[in-house]
Engineer: 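One structure, pasted below without further comment.
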Amino acid sequence: MSVKPILRFAPSPNGLLHLGHAFSALFTWQAAAQLGGKALLRIEDIDLARSKPEFTQAVFDDLHWLGLHWPEPVWRQSERFPAYAEAADKLRAMGLLYPCFCSRTEIALHATGTDPDGAPLYAGTCRHLSAADIAARLDRGEPVQYRLDLQRALALTGPLTFTLVGPTMRDRPQIRYTRPERWGDVVLQRKDTPTSYHLSVVVDDAAQGITHVTRGRDMEAATDIHVLLQFLLGLPSPIYAFHRLLLGEDGKKLSKSRGSPSLLDLREAGRTPQDIRRDLGF
Ligand code: GLU
């Protein structure tokens with residue numbers, strides 16, 4: 001029996017959606033239709049300080065306005081913390097997580113380069129803290145985050161690959177090697193929220209039976225970590241497809257912080273869903 005394709009669009013409700021999100025959503029729904037499957041909407045609101053209910057509502061309104069529909073109930077990651085804790089505990093039991101007490105300043109000071117997102121590459125400062133030191137610092141209530149011990153993880157997995165399909169979803173799939181070393185010891189449980197983007201996305205993609213992950217090219221490098229976590233947690237690895245990014249006049253990715261108009265702005269300025277779809281090529 002063949003598995004029916006399940007795709008997802010998973011925005012973080014910490015701002016209004018702009019054309020880049022519309023492109024990604026339309027791409028995902030189109031790919032789902034081409035594959036004869038369905039597209040889910042998932043709200044990635046693990047960042048409790050930045051996520052706002054009004055932005056979640058705006059996601060629903062904007063996507064409905066674009067003519068998109070999805071099965072209910074919509075999963076919200078803020079309701080899934082126990083599942084992420086369980087996954088983190090599994091990695092901890094395998095000896096793959098360690099506590100890190102470093103501040104942003106310390107991390108930047110000792111950085112050994114930058115990761116694919118341009119963030120300072122962690123030097124591993126806390127990797128070899130003694131058990132007594134850790135206990136004392138936890139006792140004092142020092143803010144703590146938990147990192148993946150990448151070298152140990154790689155010693156268990158060896159080189160890993162993933163399956164990539166081109167954005168038309170029709171080409172012959174390719175096998176790609178991952179390069180998790182370029183991320184260093186990533187944070188899997190943050191100081192401000194007991195999970196991280198990488199951990200929750202991997203847990204939920206598996207729990208929702210996602211067969212194809214469609215996202216922008218800017219997130220291609222994160223697949224290194226996602227595939228590694230899938231292997232370590234014994235989860236299936238979906239097929240990946242990366243779409244082009246919409247760039248602003250400055251040649252940079254659209255973003256609300258750089259003044260890209262939101263879908264709401266465009267709607268209020270009289271643009272119709274048909275205009276948006278046509279402009280974006282759907
Ligand atoms: N929530 C992520 C974002 O809005 C995207 C999730 C994903 O495709 O993995 O950037």
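Scope of the values below: all heavy atoms of this structure, side chains included, with no hydrogens, waters or symmetry mates. One-based numbering, in listed order, for ligands and for the atoms of each.
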Engineer: Do we see a donor-acceptor contact under 3.5 Å between the side chains of Arg172 and Gln174?
Structural biologist: no
Engineer: Listed by chain and number, what are the ring pair (Phe, Tyr, Trp, His ring centres under 6.0 Å) partners of His69, not counting sequence neighbours?
Structural biologist: His64
Engineer: Identify, chain by chain and in numerical order, each protein residue with a heavy atom under 4.0 Å from an atom of ligand 1.
Structural biologist: Arg8, Ala10, Pro11, Ser12, Glu44, Tyr197, Val201, Arg215, Met219
Engineer: Considering only residues two or more places apart or on different chains, which pairs with a residue in residues 188-246 satisfy ring pair (Phe, Tyr, Trp, His ring centres under 6.0 Å)?
Structural biologist: Phe23-His243, Phe27-His243, Phe162-Tyr240, Trp183-His198, Tyr197-His226, His198-His226
Engineer: Look only at the side chain of Thr193 and the backbone of Ile46, and say whether a donor-acceptor pair between them is shorter than 3.5 Å.
Structural biologist: yes
Engineer: Going by atom types only, do Asp45 and Ser78 share a side-chain donor-acceptor pair under 3.5 Å?
Structural biologist: yes
Engineer: Sorted by first residue and then second, give each side-chain hydrogen bond (donor to acceptor under 3.5 Å, both in side chains) pair with at least one member in residues 124-135; sequence neighbours left out.
Structural biologist: Arg127-Asp185
